[in-house]
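Reviewing the structure listed below.
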Amino acid sequence: MNVAERYAALRTEIDMALGACGRAAGSVTVVGVAKRQPLEAVREALDAGLEDIGENYVQEARHAFAALPRVRRHFLGHVQTNKAKPIAELFDVVQSVDRLDAGLALAKAAAGLGRTLPVLIQINISAAERFGCPPEEAVRLAERLRAEASLRVDGIMAIAPLEADRTAIADAFETAAKTFARVGGSTLSIGMSGDWREAVRAGSTMVRIGTALFGERGPTRRAPP
Ligand SMILES: *Cc1c(COP(=O)(O)O)cnc(C)c1O
């Protein structure tokens, strides 16, 4: 299968999984995770109808966005406070706000640009993950950041344990769904290539798919000359 075929097949499978748990077709947004993927593959998915792309690194994203059609851009990487300005300039949504100083740095950068920046609170639901705020602190962080006029806190993002059994993954997503219910908003961003089915069952409204769409990631993406 080429990328366009994989994208079409994925959309169909997601709609079937949604139907199987009584949810409406089309109620999950697919973010194509472009990090370390060839830009031709990303372009092919965009031509096939993909409307959202995710990147983890500012420098890599800058090159990619300059070469790709304008679609919705999601920042998925760790938010370093000294990168808040380029992140707010380059991205439409920041999914990975996991602590107050990162959120406040983004708020300041967005205010400087005269824009409102949609963000998600990244929570930690996996012992193997370095980042993410503890689920029990998410409501407080969301409340604090909702006091910032230049931010809009839209919900929750989380990464499940990667090597876990299916039950542990489902349990982790359950924690994310419960936290989302308390934080409120429009977006529960859970589910990646290996676990989107469990995520859809737990109530995901947004899945972030890299390898299942574009193939295995390379060690780096070549920057254009
Ligand atoms: C890399 C990445 C993904 C995509 O992972 P795949 O397993 O390739 O689908 C999703 N979310 C985040 C935050 C990532 O860093």
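Computed from a predicted structure; not experimentally measured. Counting starts at 1 for both ligands and their atoms, following the listed order.
- With respect to the salt-bridge test (charged N to carboxylate O, under 4.0 angstrom), the residues Glu148 and Arg144 qualify.
- Near Ile159, meaning under 4.0 Å from one of its heavy atoms, ligand 1 places the atoms 13 (C).
- Close approach of ligand 1 to Asn56 (heavy-atom distance below 4.0 Å) involves ligand atoms 14 (C), 15 (O).
- Regarding atom 12 (C) of ligand 1, its nearest protein heavy-atom neighbour is Arg208 NE, 3.7 Å.
- Checking each of Arg72, Arg208, Arg73 against Asp52 for a side chain to side chain donor-acceptor pair (under 3.5 Å) leaves exactly one that passes, namely Arg72.
- For atom 1 (C) of ligand 1, the closest heavy atom belonging to the protein is Lys35 NZ, 1.3 Å.
- In this structure, Asp195 does not pair ionically with Arg197, as no charged nitrogen and carboxylate oxygen lie closer than 4.0 Å.
- Residue Thr211 touches ligand 1 through backbone and side chain together, judged by heavy-atom distances below 4.0 Å.
- Here Glu198 pairs with Arg166 in a salt bridge; the nearest charged N to carboxylate O distance falls below 4.0 Å.
- Counting protein heavy atoms only, atom 10 (C) of ligand 1 is closest to Met192 SD, 3.3 Å.
- The pair Glu89-Lys85 meets the salt-bridge criterion, with a side-chain N (NZ, NE, NH1 or NH2) lying under 4.0 Å from an Asp/Glu carboxylate O.
- For atom 4 (C) of ligand 1, the choice among Val207, Ile190, Val31, Val33 with the nearest heavy atom turns out to be Val33.
- Salt bridge status for Arg70 with Asp92: present, with a side-chain N to carboxylate O gap under 4.0 Å.
- At a heavy-atom cutoff of 4.0 Å, ligand 1 is contacted by no atom of Leu213, backbone or side chain.
- Counting heavy atoms under 4.0 Å from ligand 1, residue Gln95 does not touch it at all.
- In the vicinity of Gly210, heavy-atom distances shorter than 4.0 Å reach the ligand 1 atoms 4 (C), 6 (P), 8 (O), 9 (O).
- The closest protein non-hydrogen atom to atom 9 (O) of ligand 1 is Ser193 OG, 2.5 Å.
- Between Gly194 and ligand 1, a contact under 3.5 Å exists for no N or O pair.
- With rounding to the nearest 0.5 Å, the separation of CG in Leu141 from CD1 in Ile121 is 4.0 Å.
- Of all atoms in ligand 1, numbered sequentially from 1 with element shown, those under 4.0 Å from a heavy atom of Ile209 are 9 (O).
- Under the 30°/60° scheme for interplanar angles, the aromatic rings of Phe91 and Phe65 are found to stand perpendicular.
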| task | Determine, stepwise, if the pair Gln95 / Ser189 fulfils side chain to side chain donor-acceptor pair (under 3.5 Å). | result | CA-CA 8 Å; Gln95 296 207 8; Ser189 175; 2.8 Å; yes
